[in-house]
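Worksheet: one structure, shown below.
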Amino acid sequence: MDLKGIRARLPSELLSWRIPGPNLEDDVALWENARKIFEDVDIYLWKQTDVCYQRAREGETILSSGFAYIRKQRVECWGSITQKFNNSNGSCHGATTADGHSVVARIVAIGDSGQNHLNALRKLACGADSLLVDNHTIPLWREVHFEDMVFGVFPFVGETLENCYARWIQNSVGDIIDMILQALEGLAFVHSKSIAHRDADKANFLVQWHPESLDTMQVPIVRPRVYLNDFERAWELPTCMFDNDMDPQSHMYTRPTAPEVQSGEPYDAFKTDVWQFSTSFWDFRSTVPAIDEILEAMRDDNAAKRPSCSEARDRLAVILHATVPIDLLIPPEVYEEPLESDCEEGGHLPEAKCAEDQRLGLVPQKGI
């Protein structure tokens, strides 16, 4: 197939990449049509091997890129974690570079669509600022251009913050709060660059590994780094104020949003990031009152009463640094019933968690 023929087979709208069709076969066909684009730049797209996973070619050597690690107690079951990829978003696909590193390819822009996403990545995820310690944005390793399309290539990161207190992960309160603190540091950096993320759910934060200190009952010597991902809805603002009319796609967003977003008036987009991040932890309690009070304040319905990301980061850091680490070697409390604000219109959760866990292949093998 010549390159012109390839473009004719690929969608011209970003939404059609995210949701190519009702069946898994639609996702598979979409990226198969794009395979030659990546082969021409020495990137191999993984094959869909079952309903859950795309997998690297059999026999490929596992290389460390510094973004994914595994505890030795998990090696037997999760040793191939960097060679399989499960994603419910058709915009992304697992791949391997010519030198053997696992990556994730993602469609970022088509024509004028997605330019905010692309500009945010160019400002945050590459160049000198990408080396700053407090910048937790996942690096943009490469742009792949094909006609009017721009793909991003990102390092493969081991885990997601979404699972930091999942029932099969044995993270302590200390493990989880350290991740939350890093996530706040990352969001604060993004805000300092006049960019609102606008999708700051914990599912959009990645982590190198889960320490699971409740398994070892030891405070970890080394902590994993947290990365901020998915800038699809990001918006650079001259001030912090945002109006929904600025983004024609705002009405299509399905995750919970802060009360002021529905007001019809301009609102502080940085404060809505704070609200959304904290609200994605609605079911988590550290059982340390001072910590839980900060998380509650972050999701206050009154935006004026919410701390900024940097304020929440600093308050949380003071508490964490004043606490003997072993005192946080305790399990969190996890609630089963959703808050009303976490439900979509009609009172339904955005995802049925157990079913989603099984669909994503995240539930571990029996006995783990």
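Along the sequence shown, the residues carry numbers beginning at 1. Quick caveat, the model's predicted, so the values are computed rather than measured.
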TODO: Working to the nearest 0.5 Å, report the span between CD1 of Ile176 and CG of Leu161.
DONE: 9.0 Å
Task: Heavy-atom closest contact (Gln218 atom, Ser213 atom, distance) - done: O-CB, 3.2 Å
TODO: Assess whether salt bridge (Lys or Arg N to Asp or Glu O under 4.0 Å) is satisfied between Arg122 and Glu143, documenting all intermediate values.
DONE: CA-CA 10 Å; Arg122 287 173 174 172; Glu143 293 181 16; 2.8 Å; yes
- [ ] Assert yes or no for the condition that the ring centre distance of Phe242 to Trp235 is strictly below 6.0 Å.
- [x] yes
TODO: Go through Trp275 and Tyr267 one step at a time and tell me if the ring-ring contact (aromatic ring centres under 6.0 Å, His included) criterion holds.
DONE: CA-CA 12 Å; Trp275 184 95; Tyr267 54 88; over 10 Å; no
- [ ] Start with the C-alpha gap between Ile177 and Ile291, add the side-chain angles, then the distance that decides, and say whether side-chain contact (heavy atoms from CB on, under 4.5 Å) holds.
- [x] CA-CA 9 Å; Ile177 297 303; Ile291 292 175; 3.6 Å; yes
Open item on the list: Any side-chain to backbone donor/acceptor pair from Gln276 onto Ala258? Under 3.5 Å, distance only.
Closed with: no
Open item on the list: Has Lys202 got a side-chain atom pairing as donor or acceptor with Glu162's backbone, closer than 3.5 angstrom?
Closed with: no
TODO: For the pair Phe205 and Phe277, evaluate ring-ring contact (aromatic ring centres under 6.0 Å, His included) and give the outcome as yes or no after the intermediate values.
DONE: CA-CA 10 Å; Phe205 290 83; Phe277 178 70; 5.3 Å; yes
Open item on the list: Can you give me the closest heavy-atom contact between Pro139 and Pro155, atom names plus distance?
Closed with: O-CD, 3.2 Å
Open item on the list: If hydrophobic clusters are built from ILVMFWY residues whose side chains come within less than 4.5 Å, do Trp46 and Trp17 share one?
Closed with: no
Task: Flag for Gln262-Thr257: side-chain donor and acceptor within less than 3.5 Å - done: yes
Task: Single-linkage hydrophobic cluster, 4.5 Å side-chain cutoff, Ile138 and Leu140 together - done: yes
TODO: May I ask you to decide whether Arg285 forms a salt bridge with Glu296, counting only side-chain N to carboxylate O separations under 4.0 Å?
DONE: yes
TODO: Compute the ring centroids of Phe270 and His191, then answer whether they are less than 6.0 Å apart.
DONE: yes
Open item on the list: Could you tell me if Arg233 sits above the aromatic ring of Tyr253, with its cationic atom closer than 6.0 Å to the ring centre and no more than 45 degrees from the axis?
Closed with: yes
- [ ] Would you indicate whether the side-chain heavy atoms of Ile6 and Arg35 approach each other to under 4.5 Å?
- [x] no
Open item on the list: Within the 3.5 Å criterion, strictly below it, is a donor on Thr49 or Arg55 matched to an acceptor on the partner's side chain?
Closed with: yes
Task: Interatomic distance, Arg315 atom CZ to Ile294 atom CD1 [nearest 0.5 angstrom] - done: 7.0 Å
Open item on the list: Just by distance, no angles: are the side chains of Asp273 and His197 close enough, under 3.5 Å, to form a donor-acceptor pair?
Closed with: no
Open item on the list: Side chains of Asn204 and Asp199: any donor to acceptor distance under 3.5 Å?
Closed with: yes
TODO: May I ask you to say whether Arg306 pairs ionically with Asp268, meaning some side-chain N is under 4.0 Å from a carboxylate O?
DONE: no
Open item on the list: Test your reading of the model: is there a side-chain donor-acceptor pair from Asn23 to the backbone of Glu25, 3.5 Å cut-off?
Closed with: no
- [ ] Find the distance between CE (Met241) and CD (Glu265) and round it off to the nearest 0.5 Å.
- [x] 9.5 Å
- [ ] Compute the ring centroids of Phe189 and His136, then answer whether they are less than 6.0 Å apart.
- [x] no
TODO: Heavy atoms only: give me the nearest Phe156-Phe67 pair and the separation to one decimal.
DONE: O-CB, 3.4 Å
TODO: Kindly indicate, with the supporting measurements, whether the criterion side-chain contact (heavy atoms from CB on, under 4.5 Å) is fulfilled by Thr272 and Arg198.
DONE: CA-CA 7 Å; Thr272 63; Arg198 300 180 62 237; 5.6 Å; no
- [ ] In plain terms, say whether Glu236 and Lys123 are close enough for a salt bridge, that is, a side-chain N and a carboxylate O under 4.0 Å apart.
- [x] yes
Task: Any donor-acceptor pair under 3.5 Å from Gln182 side chain to Leu184 backbone - done: no
- [ ] Check for a donor-acceptor pair, side chain of Asp27 on one end and backbone N or O of Pro20 on the other, with a separation under 3.5 Å.
- [x] no
Open item on the list: Can you tell me how the ring of Phe38 sits relative to the ring of Trp31, calling it parallel under 30°, perpendicular over 60° and tilted otherwise?
Closed with: tilted
- [ ] Before accepting this row, confirm whether a basic side-chain N of the pair Lys36/Glu39 lies closer than 4.0 Å to the acidic partner's carboxylate O.
- [x] no
Open item on the list: Taking the cut-offs as 6.0 angstrom to the six-membered ring centre and 45 degrees off its axis, would you call Arg7 and Phe146 a cation-pi pair?
Closed with: no
Open item on the list: How about CD1 on Ile326, more than 12 heavy atoms from neighbouring residues, nucleotides or ligands closer than 6.0 Å, or not?
Closed with: no
- [ ] Show your reasoning for whether side-chain contact (heavy atoms from CB on, under 4.5 Å) applies to Ile43 and Val153.
- [x] CA-CA 10 Å; Ile43 294 174; Val153 179; 3.9 Å; yes
Task: Residue pair Phe231 / Thr137: nearest heavy atoms and the distance that separates them - done: CE1-CG2, 3.6 Å
Open item on the list: On a heavy-atom basis, which atom in Ala312 and which in Met298 lie closest, and how many Å separate them?
Closed with: CB-SD, 3.8 Å
Open item on the list: Does either side chain, that of Thr160 or that of Asn163, offer a donor lying less than 3.5 Å from an acceptor on the other one?
Closed with: no
Task: Hydrophobic cluster membership, Val219 vs Val226, 4.5 Å side-chain cutoff - done: no
TODO: Flag yes if Leu214 and Val334 sit in one hydrophobic cluster, no otherwise; membership is Ile, Leu, Val, Met, Phe, Trp, Tyr, and two members link when side-chain heavy atoms are under 4.5 Å apart.
DONE: no
Open item on the list: With side-chain contact (heavy atoms from CB on, under 4.5 Å) as the criterion, how do Tyr44 and Arg57 come out once you've worked through the C-alpha distance, each side chain's angles and the decisive distance to 0.1 Å?
Closed with: CA-CA 9 Å; Tyr44 170 78; Arg57 288 172 291 199; 3.2 Å; yes
Contacts under 3.5 angstrom, residues 99-112 side chains, donor-acceptor by atom type, not counting sequence neighbours:
unit_1, atom_1, unit_2, atom_2, d
Asp99, OD1, Thr97, OG1, 2.4
His101, ND1, Ser65, OG, 2.6
Ser102, OG, Thr82, O, 2.6
Arg106, NH1, Asp230, OD1, 3.3
Arg106, NH2, Asp230, OD1, 3.2
Arg106, NH2, Glu232, OE1, 2.9

- [ ] For residues Cys164 and Asn171, report the shortest heavy-atom separation together with the two atoms involved.
- [x] O-ND2, 2.9 Å
Open item on the list: Check whether Ser278 reaches the backbone of Val274 with its side chain - one donor and one acceptor, N or O, closer than 3.5 Å.
Closed with: no
Task: Main-chain N/O of Ala297 paired to Asp300 side chain as donor or acceptor, under 3.5 Å - done: no
Task: Any donor-acceptor N/O pair, Asn135 side chain to Asp129 backbone, under 3.5 Å - done: yes
Task: Ion pair Arg74/Glu212, N-O distance below 4.0 Å - done: yes
